[in-house]
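Here's the structure we're looking at; comments come further down.
Below, chains carry the letters A, B, ... as their sequence lines are ordered, and counting in each starts from 1.
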Amino acid sequence: MKFKSITGTRDVLPEEQPYWRLIENKIYQITSLFGYQRVDPPIFEETALFVRGVGETTDIVEKEMYTFKDKSDNSLTLRPEFTAGVIRLYLQNGMHMLTKPVKVFSIGPIFRYERPQAGRFRQHTQFNVEAFGEKDAAIDFEVMSIAWHLYAELGFKGLRFQLNSTGCPVCRPQYIEKLQNHYRKHIHLICQDCKRRLQRNALRLLDCKVPDCQPVIQSAPVISEHLCQDCESHFAKLCHYLDLMERPYTINHKLVRGLDYYTKTVFEVWAQGIGAQNAMCGGGRYDGLIELLGGDPTPGIGFGSGIERIILVMKEQGLTPPPLEVPKIIIAHMGEAAKEMAINLTHQLRNARIPVQLSFGDRSLKSQLREANRLGMDHVIIIAEQEVADQTATIKRLSDGVQEAVPQNKIIAFFSDRVVAQS
RNA sequence: GUGGGUGUAGCUCAGCUGGAUAGAGCACCAGGUUGUGGCCCUGGUGGCCGCGGGUUCAAGUCCCGUCACUCACCCCA
């Protein structure tokens, strides 16, 4: 074999397509139910958009972007997430003049140069939702509900939100200061990575998994107790709405997401069954980002959900999608005249929206029937010398082998009341 | 970028401490019925044993390197 797929990419074979079809259909139903419209930004943008939007000090920008130069020497990057591109689309196309909130979703591939492992790839597919221009905590709840609905309709068990607030430019710096003070007192106890985090990205100290660091995390100040008035009441309202609608959630003080732009709400939905990765979706509020990317000050909230991870969890939980419809009729033939008749009949049946396959080549009837059996057909239409002579076709039912001669002009009628094509 | 595991047929895997023309099951093709599938029987196609080097009379088997896959870390969907 000469070529193989690139590290971290995968082929989606026919067996897996029912999962994709089901999930996509649910996404269309739910977004329509909630009033979100689809937008499709391009797969690549100028590099600066992502550097600005995602944050220069994030791991994504520092080491995970697929960045390349085009023939005009422009630096371009395959999108490592949706939000920055969707905001660019929103601003460039004047959508900021629309009645707010502006509610949109996207589906498509995302690229990050990482070491692949269970539930993580270099190219994966995300379902992404964004709502621009509304600061009410009720929309935080609505956006979270979209993810919830999707997983619930797919039949997931044991769903639970992980929730936290990361504050805002008013209260977060004060909290970070307290956190840093706490860590400086225990600096001799923490790991090398944490020493680096202490300087560069103090919030990330909280989700370190090194055992030695856990006591320091346990005793660290909790951000939700250090929020400003505005952030605290926003967080309280969101929790209230979740309580009201009986959505299970855990306030997770250690949930701080890897992107710089989050303010106030951050959340994930967790599931078991995807190895070390347990987040099926992740998102939050980013009230300063649109302004940072050149728009008017506008609040926003969104999330991304990895479809490959959804499929992994479905498989883990034994959730099977309905099979895609395939033809259950095949036309077998013997002899050149019969073959021509078969080609013609195939055409007629397909025009009548009856799914049908044609047998190819000039093989023994035995071989064609064996093929029909392997393909899981319900009926075989046999056309040979005899059928050509009297303008009939032999229709054989494979389940019990019963067969009958049907005049060729009655074949469509024969099938139309027992086979309905998928629309 | 770091660490562990694994690379033999399309797929799942045997191949013991180095000594065959490299195997099995499934799948595929054909025949057993020159107009009839499934079950069964018979035969067949298909492998530079990941790649490169080394040790040896002899390497699928041992050593080194490399690449790929995989799991985990960092981080994330």
Side-chain angles (χ1 to χ4, degrees), chain A residues 1 3-10 13 15 54 57-64 79-83 107-129 147 191-194 196-197 201 204 207-211 255-259 267-271 274-283 302-313 330 332-335 338 359 361 363-388 393-403 405:
Chain A
M1 195 184 304
F3 297 106
K4 52 181 190 273
S5 59
I6 302 300
T7 297
T9 65
R10 54 193 290 282
L13 303 180
E15 302 87 88
V54 177
T57 63
T58 58
D59 276 15
I60 290 179
V61 168
E62 283 186 342
K63 54 182 200 185
E64 294 178 356
R79 63 185 176 207
E81 58 123 44
F82 263 112
T83 305
I107 306 175
I110 293 292
F111 304 86
R112 284 180 207 166
Y113 191 88
E114 303 181 271
R115 284 295 287 273
Q117 65 189 74
R120 188 169 67 191
F121 311 96
R122 287 186 178 174
Q123 176 182 333
H124 77 280
T125 312
Q126 269 188 28
F127 164 48
N128 185 263
V129 169
C191 69
Q192 285 306 313
D193 284 338
C194 280
R196 199 157 29 84
R197 292 189 185 104
N201 204 337
R204 311 310 300 284
D207 64 357
C208 181
K209 282 149 200 126
V210 174
L255 181 65
V256 288
R257 300 187 44 76
L259 307 166
F267 70 93
E268 294 182 348
V269 175
W270 284 10
I274 43 180
Q277 271 61 20
N278 51 9
M280 272 203 298
C281 77
F303 73 85
S305 180
I307 302 209
E308 287 82 356
R309 282 193 187 176
I310 294 176
I311 292 172
L312 275 173
V313 175
I330 189 165
H333 49 80
M334 294 185 74
S359 183
R363 297 141 59 213
S364 68
L365 185 59
K366 172 193 180 126
S367 160
Q368 296 183 66
L369 276 162
R370 198 184 283 163
E371 175 189 23
N373 190 60
R374 258 193 291 107
L375 294 174
M377 295 289 158
D378 290 338
H379 296 270
V380 182
I381 301 175
I382 300 166
I383 301 174
E385 261 180 54
Q386 189 62 48
E387 287 81 359
V388 172
T394 297
I395 300 178
K396 179 181 178 98
R397 189 164 62 202
L398 288 177
S399 57
D400 55 10
V402 170
Q403 58 187 54

Review point. The side chain of A:Asp59 lies closest to which of these nucleotides: B:C75, B:G37, B:C71?
Key: B:C75

Practice item. Counting heavy atoms from C-beta on, name the nucleotide in B:G35, B:C71, B:A77 closest to the side chain of A:Gln117. Key: B:C71

Practice item. Classify the nucleic acid contact of A:Ile110 as base, sugar-phosphate or nothing, counting any heavy atom under 4.0 Å across all strands shown. Key: nothing

Practice item. May I ask you to say what A:Ala118 touches in the nucleic acid, namely base, sugar-phosphate or nothing, with a heavy-atom cut-off under 4.0 Å? Key: sugar-phosphate

**Study point:** Gap between atom CD1 of A:Ile60 and atom CZ of A:Arg112 - 0.5 Å precision
**Key:** 4.0 Å

Exercise for review: Check step by step if side-chain contact (heavy atoms from CB on, under 4.5 Å) holds for A:Glu81 and A:Val54.
Suggested key: CA-CA 8 Å; A:Glu81 58 123 44; A:Val54 177; 3.7 Å; yes

Review point. Between B:U21 and B:C40, how far is it from one C1' atom to the other, in whole Å?
Key: 31 Å

**Study point:** Contact nearer the 5' end of RNA chain B, comparing A:Ser399 with A:Thr394
**Key:** A:Thr394

Practice item. Can you tell me the distance, in whole Å, between the CZ atom of A:Arg363 and the P atom of B:A30? Key: 6 Å

Exercise for review: For B:G25 and B:G15, measure between their C1' atoms and round to the nearest Å.
Suggested key: 15 Å

Check your understanding: Side chain of A:Arg374: nearest nucleotide among B:U36, B:C73, B:C29?
Key -> B:C29

Check your understanding: If you measure from the C1' atom in B:C57 to the same atom in B:G65, how many Å do you get, rounded?
Key -> 26 Å

Review point. Roughly, in whole Å, what's the span from CG in A:Leu365 to P in B:A30?
Key: 13 Å

Practice item. Check A:Phe267 against A:Leu255 and note the closest heavy-atom contact, atom names and distance. Key: CA-CD2, 3.9 Å

Exercise for review: With RNA chain B as reference, determine whether A:Gly119 or A:Glu371 sits nearer its 5' end, using the nearest nucleotide of each.
Suggested key: A:Glu371

Practice item. Output the single nucleotide from B:A72, B:A30, B:A77 whose closest atom is nearest the side chain of A:Arg115. Key: B:A72

Practice item. For nucleotides B:A59 and B:A20, find the distance between their C1' atoms and express it as a whole number of Å. Key: 14 Å

Review point. Just checking A:Met280: base, sugar-phosphate only, or nothing, at a heavy-atom cut-off of under 4.0 Å?
Key: sugar-phosphate

Study note, to complete from the structure: Shortest non-hydrogen pair, A:Gly119 vs A:Leu312, comes out as CA-CD1, 3.5 Å

Check your understanding: Paired with B:A22 by Watson-Crick or G-U wobble geometry, both distances under 3.5 Å: which nucleotide is it?
Key -> none

Practice item. Grab the two heavy atoms, one from A:Arg120 and one from A:Arg115, that are nearest each other, plus how far apart they are. Key: NH2-O, 3.1 Å

Exercise for review: Name the nucleic acid region contacted by A:Arg112, choosing base, sugar-phosphate or nothing; use a 4.0 angstrom heavy-atom cut-off, strictly under.
Suggested key: base

Practice item. Can you tell me the distance, in whole Å, between the CG atom of A:Leu369 and the C1' atom of B:C39? Key: 16 Å

Check your understanding: Contact class for A:Thr125 vs. all strands (heavy atom < 4.0 Å): base, sugar-phosphate, or nothing?
Key -> nothing

Exercise for review: To the nearest Å, give me how far apart NZ (A:Lys366) and P (B:C28) are.
Suggested key: 14 Å

Exercise for review: Look at all strands and tell whether A:Glu308 reaches a base, only sugar-phosphate, or nothing, counting heavy atoms closer than 4.0 Å.
Suggested key: nothing

Check your understanding: Over how many whole Å does the gap from A:Gln368 atom CD to B:U33 atom C1' extend?
Key -> 16 Å

Check your understanding: Among the nucleotides B:A77, B:G31, B:C71, which one has an atom lying closest to any side-chain atom of A:Ser364?
Key -> B:G31

Review point. Between B:A77, B:G38, B:C75, which nucleotide gets closest to the side-chain atoms of A:Arg204?
Key: B:C75

Check your understanding: Is B:U33 paired to anything, Watson-Crick or G-U wobble with both distances less than 3.5 Å, and if yes, which nucleotide?
Key -> none

Point to revise | Distance between C1' atoms of B:U61 and B:U55 (Å, rounded) | key: 14 Å

Practice item. Determine the interatomic distance between P on B:C26 and the same-named atom on B:G38; round to the nearest Å. Key: 15 Å

Check your understanding: P atom, B:U36 versus B:U45: distance in rounded Å?
Key -> 27 Å

Review point. With both distances under 3.5 angstrom, what nucleotide forms a Watson-Crick or G-U wobble pair with B:G7?
Key: B:C67

Review point. If every non-hydrogen atom of A:Asn128 is compared with every non-hydrogen atom of A:Phe303, which pair is closest and at what distance?
Key: ND2-O, 3.1 Å

Practice item. Say whether A:Thr125 and A:Glu308, considering side chains only, have a donor N or O and an acceptor N or O under 3.5 Å apart. Key: yes

Point to revise | Closest nucleotide among B:G1, B:C75, B:G37 to the A:Arg120 side chain | key: B:C75

Study note, to complete from the structure: Under a 3.5 Å limit on both distances, the Watson-Crick or wobble mate of B:G44 is B:C28

Review point. Contact class for A:Phe121 (heavy atom, under 4.0 Å): base, sugar-phosphate, or nothing?
Key: base

**Study point:** Selected nucleotide, minimal atom distance to A:Ser367 side chain, candidates B:A30, B:G35, B:U2
**Key:** B:A30

Point to revise | A:Gln386 side chain, from C-beta outward: closest of B:C69, B:G35, B:A77 | key: B:G35

Review point. On a whole-Å scale, what distance lies between the P atoms belonging to B:A24 and B:C41?
Key: 15 Å

Point to revise | Minimum heavy-atom distance between A:Met377 and A:Leu398, given as atom pair plus value | key: O-CD1, 3.3 Å

Check your understanding: Looking at A:His124 and A:Gly306, what are the two nearest heavy atoms and their distance?
Key -> CD2-CA, 4.2 Å

Check your understanding: Reckon A:Glu387 touches a base, only the sugar-phosphate, or nothing at all at heavy-atom distances under 4.0 Å?
Key -> base

**Study point:** Nucleotide paired to B:A72 in any strand shown, Watson-Crick or G-U, under 3.5 Å
**Key:** B:U2

**Study point:** Distance in angstrom units between A:Leu398 CG and B:C39 P, rounded
**Key:** 13 Å

Review point. With respect to the side chain of A:Arg370, which nucleotide from B:G35, B:G37, B:A68 is positioned closest?
Key: B:G37

Check your understanding: What's the NZ-C1' distance between A:Lys63 and B:C73, to the nearest Å?
Key -> 10 Å

Check your understanding: Between atom CD in A:Glu114 and atom C1' in B:C74, what is the gap in whole Å?
Key -> 10 Å

